[in-house]
Every structure is written in C-alpha cells, then in structure tokens.
Undergrad: 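Structure incoming, see below.
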Amino acid sequence: MFLLPKLPYSYDALEPYIDAKTMELHHSKHHQAYVDKLNLAIEGTEWANKTITEVLQNLSSLPEDKRTVVQNNGGGHYNHSLFWELMAPGAGGEPSGELKDRIVAAFSSFEEFKKQFTDAGVARFGSGWAWLIKDENGARIISTPNQDSPIMEGITPLLGLDVWEHAYYLKYQNRRPEYIENWWNVVNWSAVSKRL
Ligand code: MN3
C-alpha cells in the first residue's frame, strides 16, 4: 500500500513562484488521487508490497488489465514524490560541484541548459514532464507524455518538471513559459545533486 508523502514544506512556502492554492490541490487532490488509484489497482496482488520503483520497472509483468492504470497512477505517484523533494523555499540559483560539471560538459553553460530544459517543457504537447537525466556525456534532457517516467526505462531522473496544466493553470493560466521561468527560483539544486 502506497501513502501520500508529506510535503517537506508548507503549501505557501513556494510563493510567489508557485501559489499555495495550486500546491494544496496538486498535493492533496491530484497526487492523492494517483496514490488511491494505484492502491486500488494492485490491492491483493504481490505488487502491493513492492516499492514503487520495482512496480514501475516491471510493468510488463503486471496483469494486462491493470498495466495502464498502474503506469498512469504509479507514474504519477513516483513523479510527484520526486517533484516535491526537488523544490524548496529560498532555493534556485545554480548547481555546483559534479552536477554543474556534468551540465556544462553537456550543454556548454548553465544558461544554455536552462534554455533547452525550458524549451523541452514548453514544447511537450499536452500533459507531461521535462527531465534531466545522467548519461555518459554528462547529462541529457528528455520529456515524457502523461505520467510516464524515465524510471520505467530503468533511468533514474535527476530533475523533473511537471508541465501538466494542473501544475500552473490557477496562477499562470495558459502561460506555461512564465510558469517554467518562475519555477527555476524554487529548484533545490542540492537535492538534485544528491541524486547523482
Ligand atoms: Mn502534477
């Protein structure tokens, strides 16, 4: 059985960049719904006692009638649990150490990385996520539709950005680029670094 994780800060902690009402609905309604639907789907199966990573890396072993619902809602649970951890009040700025080295090696500068990551989030048609993942050249940007997650391909994401409308519509309406521009102010780079 999976549980909604407690946020590591209050709903209003990411103001003015992410508003309190959006955080409250996003965590207590959207994320809770992913958890509830995931639990309902795997209740009474061997998968109820696995970790979310084990479940998502073995989707093809799940009963066929449960696979899509677990992919969507298990992905939602994993992605949001990570998303909350990678933001913090008073964060933002730039990464340091190995993470910075990897970003500069891959994108030539932090500014160029920010631009390309922002573009990946803006360009994702409909609902989905932009990700930074580790690779042999340092790091790479990808995006996924719906609640698909790099973890489903065995890749542990370093950074993830939710670009579903529910993540920004109350404050930014249709202005996804403005949401992303503001989101950089709450990225917790030390938490991202720990994922290396
Ligand atoms: Mn979301």
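Indexing begins at 1, ligand by ligand and atom by atom, following the structure's order.
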Undergrad: Does the pair Lys115/Glu111 count as a salt bridge with the N-to-O cut at 4.0 Å?
TA: no
Undergrad: Do any N or O atoms from the side chain of Trp131 and from the backbone of Thr156 form a donor-acceptor pair under 3.5 angstrom?
TA: no
Undergrad: Using a 6.0 Å cut-off, check whether atom NZ of Lys171 has over 12 heavy atoms from anything other than its own residue.
TA: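 Yes.
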Undergrad: Kindly state each residue pair satisfying salt bridge (charged side-chain N to carboxylate O under 4.0 Å, His left out) with at least one member in residues 137-149, sequence neighbours excluded.
TA: Asp135-Arg140
Undergrad: Begin with the C-alpha distance, continue with both residues' side-chain angles, and end with the deciding distance and a verdict on ring-ring contact (aromatic ring centres under 6.0 Å, His included) for Tyr172 and Trp183.
TA: CA-CA 12 Å; Tyr172 297 101; Trp183 171 77; over 10 Å; no
Undergrad: Can you count the protein N/O/S atoms lying under 2.8 Å from the Mn ion (ligand 1), leaving waters out?
TA: 4
Undergrad: Under a 3.5 Å distance rule, please check whether His80 uses its side chain to pair with a backbone N or O of Gly76 as donor and acceptor.
TA: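 It does hold such a pair.
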